[in-house]
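Written out below as structure tokens is the structure these notes cover.
Given the structure is predicted, the values throughout are model-derived calculations rather than measurements.
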Protein chains: 2
Amino acid sequence: MEIYTIRDIARKAGVGVSTVSRVLNGRPDVSETTRKRVTEVVEACGFVQNRNARNLKTTKPVFAAIIVRGRRNMFLSDMAEEMLHCAQGYKTPFIVKYIDEEDDEFGAMRQLWNEKRAGGFILLGSRIDERSEIVASLGMPCVFATVDAAGSGIANASSVCIDDRAAAREVMDRLLANGHTNVAVFGGNSEGNDVFARRYQGAMDSLRAHGVDFNPEHYVVTRFTLTGAYESARRFFEGHREITAVLAMSDTVAAGVIRALWELGLRVPQDVSVTGYDGTEMAKYFIPAIDTVRQPTKEIARESVKLLCEMLEGGERRDVTVAYEYVPGESVAACRSCAREG
Amino acid sequence: MEIYTIRDIARKAGVGVSTVSRVLNGRPDVSETTRKRVTEVVEACGFVQNRNARNLKTTKPVFAAIIVRGRRNMFLSDMAEEMLHCAQGYKTPFIVKYIDEEDDEFGAMRQLWNEKRAGGFILLGSRIDERSEIVASLGMPCVFATVDAAGSGIANASSVCIDDRAAAREVMDRLLANGHTNVAVFGGNSEGNDVFARRYQGAMDSLRAHGVDFNPEHYVVTRFTLTGAYESARRFFEGHREITAVLAMSDTVAAGVIRALWELGLRVPQDVSVTGYDGTEMAKYFIPAIDTVRQPTKEIARESVKLLCEMLEGGERRDVTVAYEYVPGESVAACRSCAREG
DNA sequence: TCCGGTTATGAAATCGTTTCCAGTCGGGTT
DNA sequence: AACCCGACTGGAAACGATTTCATAACCGGA
């Protein structure tokens, strides 16, 4: 395949390069005849601009980037999609940047800044830990979505999230109300992950309020994939048949756990109750449908975009809490064995 | 945040720009002391290269791109991951480019070519239709993964896939062997999509061979999401209670269908049998586990990469067929009502 | 006829890198 | 002492676009 530059096009069309550039960018100050001639040549050659050169030269005024950590996470990529949609209502252009789970958002932010002059960021799938001070040092407006930045002390970061602690507490309350006192919690490593930590605390709040003890051994750290959850659950339940309910920190994990229980001959919800988290499609269509906490995607997206645009115009940081919703499914039932006992 | 260029770094370190460049790119011909001094300044400033400028200048020799159409499709993104892994064994560097379902791969290919000199492509989630002649016109080595390019006449395109027609036929054979004669097929729009068309033909082959009629009304076109499949199924089964088995063209679709049936009071597999396609995690962990056709991800990935590298070195186009595998699940059982009849 | 004011156009500078090329500086050979 | 060679280094020319600025052409009005 031939490789054309704007100069080739200019030569073929018998005009100057600047004219071609003007045509390509839809500038008004080109005569109709010239425009047509250039357009024809461009089409004929299948010419496309070299983005590298373009971006190098055009230091765009300011725009915002949504950084999604983990492209396989449906919950996050749906959210990003929604944000893009909301962003249409603002004059600031938004773009989405997917990065891998392993690599860090700060490099990506820096990159986006000096390649394209990104002036603000929405962080999805991020967490707040010691490394977050980098966000502060960058000094650019940021919004943490689904993460609470209220106590972080980062001056340039807003956040929007549900009250994870209260949500987890409500979930546990419901399990307790169903008579479950032997509950296992399946989550991620909560050290250095404020989100998991908050949910854990919520669950503990509930247990404490009801005077129920929690054996730390019943907190299971798992990968957030079906296979990971399944394997963790198989291993865990080998030696923990006393458990009658599982609070999982994502719908995917809940699904994996349910399958594992099923294979062990334990029915959900008859023998064991299981709850999920996030409110994904998966929870709705799994059999049994999974009781879950819906994080209002649309609202979080809308608020995140709004908050970032506010800050870009000089507004102060703010933390917004949106309402979560407990979505009943078919995976929680009264505890039989407990009833017998009691 | 300050914005640094390589020139700033050079000035601060008291060296020339070319030296900084050499350090940044790990060239050997820099004295250790200089290297250290430059590195220090770079770290201190948090300097990152401007990729635009870099790519603009460095016309890399040749490398290959994997174009994935649809970033939400787990099956495809897993495959891409696997390809990247296989590619490490070759000297050609590979990169992955995700594009949206709506937009076309040809623009992306052109873009990648003249921005980065991509010399070859693997197309994932593509299909072969009239627009594919663009692939031919580009004239660069391409590999269609999970799509058969054998009869396409595109001189520069190899392909690797399972025998979709035979696979679909086997699935239908198994359903028939279980006594199901009233089968519905849930798939995508097969006009202009060779993959769906091939699977459809396979299913028809089987029916024909067994002398079973197929009512074209029983081919249901659906979106390939849980919600889409669920809704299609709800709608379809309102008026089609005679159906005792569903052949779905993806695991996701199968899951949505199973849920819909369940809500209509039809048990899988007792009342209706359902089969999926692809062999994803989902199929394995759904309840009931879904009978499916496993497309050997690793092998397809490995062959695709191999084929592309072959072509890059001047080899001829080839079409490779890899073995599929029918993975039994828990979603197919003998047809009760049919048994009663027969 | 001359002039101010559009309108359309091209030449040239610029963006931040890489890389070629030429040059400096020691130190070992003749 | 003259020479060469190797290891380092810096200057400057690209890369392919955009954008500023200057110029040419044209038009209507005085």
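- Within the structure, a side-chain polar atom (N or O) of A:Asn25 is placed less than 4.0 Å from OP1 or OP2 of D:dT18.
- Checked by atom type and distance alone, the side chain of B:Arg317 never pairs as donor or acceptor with a backbone atom of B:Asn156 at under 3.5 Å.
- B:Arg27 comes within contact range of the sugar-phosphate backbone alone, with a heavy-atom separation under 4.0 Å but no base atom that close.
- Residue B:Arg7 is classed as a base contact, given a heavy-atom separation below 4.0 Å to a base.
- A side-chain donor-acceptor contact under 3.5 Å links B:Ser159 to the backbone of B:Ala149.
- Side chain of A:Asn193 to backbone of A:Asn189: no donor-acceptor contact under 3.5 angstrom is found.
- Taking the side chain of B:Asn50 as heavy atoms from C-beta on, and the options C:dG16, C:dT9, C:dT18, the nearest nucleotide is C:dG16.
- Between B:Leu56 atom CG and C:dT19 atom P the separation is 12 Å, expressed in whole Å.
- Following rounding to the nearest Å, B:Leu24 (CG) and C:dT17 (C1') show an atom-to-atom distance of 10 Å.
- Residue-to-nucleotide contacts include a donor-acceptor pair under 3.5 Å from the side chain of B:Ser18 to the base of D:dG10.
- Summarising the geometry, the separation between CG on A:Asp29 and C1' on D:dA25 is reported as 16 Å, rounded to the nearest angstrom.
- For A:Gln49 and D:dT19, the CD to C1' distance is 14 Å, given to the nearest whole Å.
- For the pair A:Arg11 CZ and D:dG16 C1', the interatomic distance rounds to 14 Å; values are reported in whole Å.
- In this structure, A:Ala10 and A:Val20 approach most closely via the heavy-atom pair CA-CG2, 3.6 Å.
- Contact between the side-chain N/O atoms of B:Thr34 and the OP1/OP2 oxygens of D:dC8 is not found at any separation under 4.0 Å.
- Using a 4.0 Å heavy-atom distance criterion, A:Thr58 is classed as a sugar-phosphate-only contact.
- Nucleic acid contact for B:Arg22: base, since at least one base atom lies under 4.0 Å from a heavy atom of the residue.
- Residue B:Thr5 is in sugar-phosphate contact alone, with no base atom involved, counting any heavy-atom pair closer than 4.0 Å across all strands shown.
- Atom-to-atom, CZ of A:Arg54 to P of D:dT18 comes out at 5 Å; the value is rounded to the nearest Å.
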